[in-house]
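Chain identifiers are assigned alphabetically (A, B, ...) following the order of the sequence lines, protein sequences preceding nucleic acid strands; residue numbering begins at 1 within each chain.
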2 protein chains.
Amino acid sequence: MAEGVAGSVRPGGRTARTREAVMGALVEELSEHGYSGTSMERIATRAGVAKTTLYRRWGGVDQIVVELFTDATATAIPVPDTGSFEGDLRELTRSAVGLLLDPLARAIFDIVVGEAVHNPVARTALTQFFDRRVRGGAIVVERAVQRGEVPADTDPAEVIRQAGAPYFARIYVTGDPISLQDADRAASVTALAAREGLFPLQATSPAG
Amino acid sequence: MAEGVAGSVRPGGRTARTREAVMGALVEELSEHGYSGTSMERIATRAGVAKTTLYRRWGGVDQIVVELFTDATATAIPVPDTGSFEGDLRELTRSAVGLLLDPLARAIFDIVVGEAVHNPVARTALTQFFDRRVRGGAIVVERAVQRGEVPADTDPAEVIRQAGAPYFARIYVTGDPISLQDADRAASVTALAAREGLFPLQATSPAG
DNA sequence: TCACAAACGCAACTGGAGTTCTATTAATGG
DNA sequence: CCATTAATAGAACTCCAGTTGCGTTTGTGA
């Protein structure tokens, strides 16, 4: 994976090497100096690449981070199958919180979320990421419907969004710390609400 | 309100006028050019104030926005009292969503949230804002406890955080649109979970 | 193998954010 | 009212992110 450049006319060889060097340098810079201390010139120097190349291909640090994020999250996530709805949900929320507890993953995520507020490129990358996560998680809900654990008219996407909301809101909005406890509670609360039929289809997400 | 400057030695008269002019200019600039198009020089010119004054007193656009945010959210919010726990919760979530649906309030909020990811000043302002909101909302939970609607060992702060999470996560993380429906569902889900005792005190929020 | 152009390197340039210094204004206490 | 000095104004400056132009390298298709 990660060979070549998607929308590029000449994605092989040198271009790919440049890309790898830049992404590597970016990760190192982010780890050592944080986001505010990571400039295009530093990345260029560290990667052994001309500054103009960075500006031409990406345009800014943000864009490079977004591409790094898109790369890192391109792999499909496994859908849990513990046998129970709440068990599956707990697996999902725990894996999400686990990812957010990893420093580097968290750092990249932070940047993308911070950018997404006013940067359409970051917004798109982030939304697409969650679309994939939600689609994957929806399978868990659909199985729960088939097992009769939740009502048939349950909206799978809304259930998954509800399950993810608490710890993301803690991190990015209220500024509270998170732990695996938050994952477990989010799963419990969501499972309960879903069983009680609080996520009916209709009115929400008109384009299924 | 908003007369003078808090930590200032000479807060009256000119200083206060400058402040007002700057805040007014900031709001106009944000409305017309958005965040990325709002520079210190533009604000200075529009406010009829020297650029140096802005840099001395604030240091950057972000800081001015944070002060604007802190000002605007300084007023205490009324605590609803509809007679039922779920009714009170719904009032709370609806007023929050209502605020987020107002363009200017939303714009300011966006900036602060986006900044808070990597800017301690914004982080503090945002966290303090939610501390107040949560403290206010907690009263609703405490009354529910007294009425016997929810278990006695319910953690009020966690209940309020849970109620707010869904729409904030939609806006700032997944990037989905919000409506008053999201407010109602958040209230329903949270009320149900609280009644079932899913927010026990202990383990969370060690410093009450 | 060869021609073409995509992608890159390099150096000079530009523009504006942020700083510094000094002079001026006006809020405050007595 | 007056002296003091906090706060502001203004011009000139520095510095670096981002741009431009052009020459060089190298991937790609024939």
Do B:Arg14 side-chain and C:dA27 base share a donor-acceptor contact under 3.5 Å?
no

Please state how far atom CE in B:Met40 lies from atom P in D:dA9, giving the value in whole angstrom units.
13 Å

Could you state the atom-to-atom distance from CH2 of A:Trp58 to P of C:dA7 in whole Å?
12 Å

With a 4.5 Å heavy-atom cut-off, do B:Ile111 and B:Leu30 have their side chains touching?
yes

Salt-bridge criterion met for B:Asp71 and B:Arg19 (N-O under 4.0 Å)
yes

First of B:Gly59 and A:Ala50 reached from the 5' end of DNA chain C, by closest nucleotide:
A:Ala50

Side chain of B:Tyr55, heavy atoms from C-beta onward: which of C:dT25, D:dG18, C:dG18 has the nearest atom to it?
C:dG18

The side chain of B:Arg56 lies closest to which of these nucleotides: D:dA9, D:dT19, C:dG9?
D:dA9

Distance in angstrom units between B:Gln63 CD and C:dG18 C1', rounded:
14 Å

D:dA17 P sits how many Å from A:Asp62 CG, rounded?
14 Å

Nearest-neighbour nucleotide for the B:Lys51 side chain, C:dG9, C:dG18, C:dA27 considered
C:dG18

Would you call B:Arg106 and B:Asp110 a salt bridge, taking side-chain N to carboxylate O under 4.0 Å as the test?
yes

Starting the side chain at C-beta, find the nucleotide from C:dA17, C:dA27, C:dG9 nearest to B:Glu41.
C:dA17

Do NZ/NE/NH1/NH2 and the carboxylate oxygens of A:Arg161 and A:Glu158 come within less than 4.0 Å?
yes

Round to a whole Å and report the spacing from CZ of A:Arg57 to C1' of D:dG27.
13 Å

For A:Thr53 and C:dG9, is the shortest distance between a side-chain N/O and OP1 or OP2 below 4.0 Å?
yes

Using OP1 and OP2 only, check whether a side-chain N or O of A:Thr18 sits under 4.0 Å from C:dC8.
yes

Contact class for B:Thr52 vs. all strands (heavy atom < 4.0 Å): base, sugar-phosphate, or nothing?
base

Quick one: do B:Glu20 and B:Arg17 make a salt bridge, cutoff under 4.0 Å?
no

What nucleotide among D:dT8, C:dA27, D:dG18 has an atom nearest to a side-chain atom of B:Arg17?
C:dA27

Distance in angstrom units between B:Arg42 CZ and C:dG16 P, rounded:
11 Å

Of the options C:dG9, C:dC8, D:dA9, whose atoms approach the side-chain atoms of A:Thr15 most closely?
C:dC8

